[in-house]
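Predicted model, so just to flag it, every value in this text is computed and none were measured.
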Amino acid sequence: MIKLLGCPKSLKAIYANSCGPDAQLNSWRKPSPRMILQAAQDLYIDTRQSVMIGDRISDILCGYNAEVKSLVHVLT
C-alpha cells in the first residue's frame, strides 16, 4: 500500500482494522483506542501532542479515548 501511495519514505506504517460491527469491545474497532495506542507505542508517538482528523463520531471518540490532544471532525 505504501508503494501504491507513491511516498514510501514519508510513511512509516499503515494500520488497518478488519473487525466488523460484531467485534469484541477490546478489538481495534473504533471507538476503541487500541489501534492508535499500538501505533503510538510502535512509532513513539505522544498522543497528547497529536491531531486526529475523522469523518465519523467513532473516529472522534477513538481519538478522545486515546487522549489525542486535538480532534477535528470533517464532513465527507
**Q** Quick one: does any side-chain atom of Ser58 pair with a main-chain N or O of Lys30 as donor and acceptor, under 3.5 Å?
**A**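 Not at all, since once roles are kept as given, no pair shorter than 3.5 Å links the two residues.
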**Q** Going from CG on Leu37 to OG1 on Thr47, what distance comes out if it is rounded to the nearest 0.5 angstrom?
**A**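 Interatomic distance, Leu37 CG to Thr47 OG1, rounded to 0.5 Å: 6.5 Å.
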**Q** Hydrophobic clustering (ILVMFWY, side-chain heavy atoms < 4.5 Å, transitive) - are Met35 and Met52 grouped together?
**A**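 No, because Met52 and Met35 fall into different hydrophobic clusters, even though each may have its own neighbours under 4.5 Å.
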**Q** Within the 4.5 Å heavy-atom criterion, are Leu75 and Asp55 side-chain neighbours or not?
**A**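 In short, these two side chains do not touch, never coming nearer than 4.5 Å.
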**Q** Could you tell me the separation between the CD atom of Gln49 and the OG atom of Ser70, rounded to the nearest 0.5 Å?
**A**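 Between atom CD of Gln49 and atom OG of Ser70 there are 8.5 Å.
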**Q** CD1/Ile36 to CD/Glu67 distance, rounded to the nearest 0.5 angstrom?
**A**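 These two atoms lie 11.5 Å from each other.
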**Q** So, applying side chain to side chain contact (heavy atoms under 4.5 Å, CB included) with Lys12, which one of Ile45, Leu43, Asp42 is it?
**A**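 Exactly one pass, corresponding to Leu43.
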**Q** Do Val68 and Val51 have side chains that approach each other closer than 4.5 Å (heavy atoms only, starting at C-beta)?
**A**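 Side chain of Val68 against side chain of Val51, heavy atoms only: no contact under 4.5 Å found.
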**Q** Check this for me: Tyr64, atom OH, are more than 12 non-hydrogen atoms of other residues, nucleotides or ligands nearer than 6.0 Å?
**A**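 Result for OH/Tyr64: open.
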**Q** May I ask you to decide if Ile53's main-chain N or O and Asp59's side chain share a donor-acceptor pair within less than 3.5 Å?
**A**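 Between the backbone of Ile53 and the side chain of Asp59 there is no qualifying donor-acceptor contact (under 3.5 Å).
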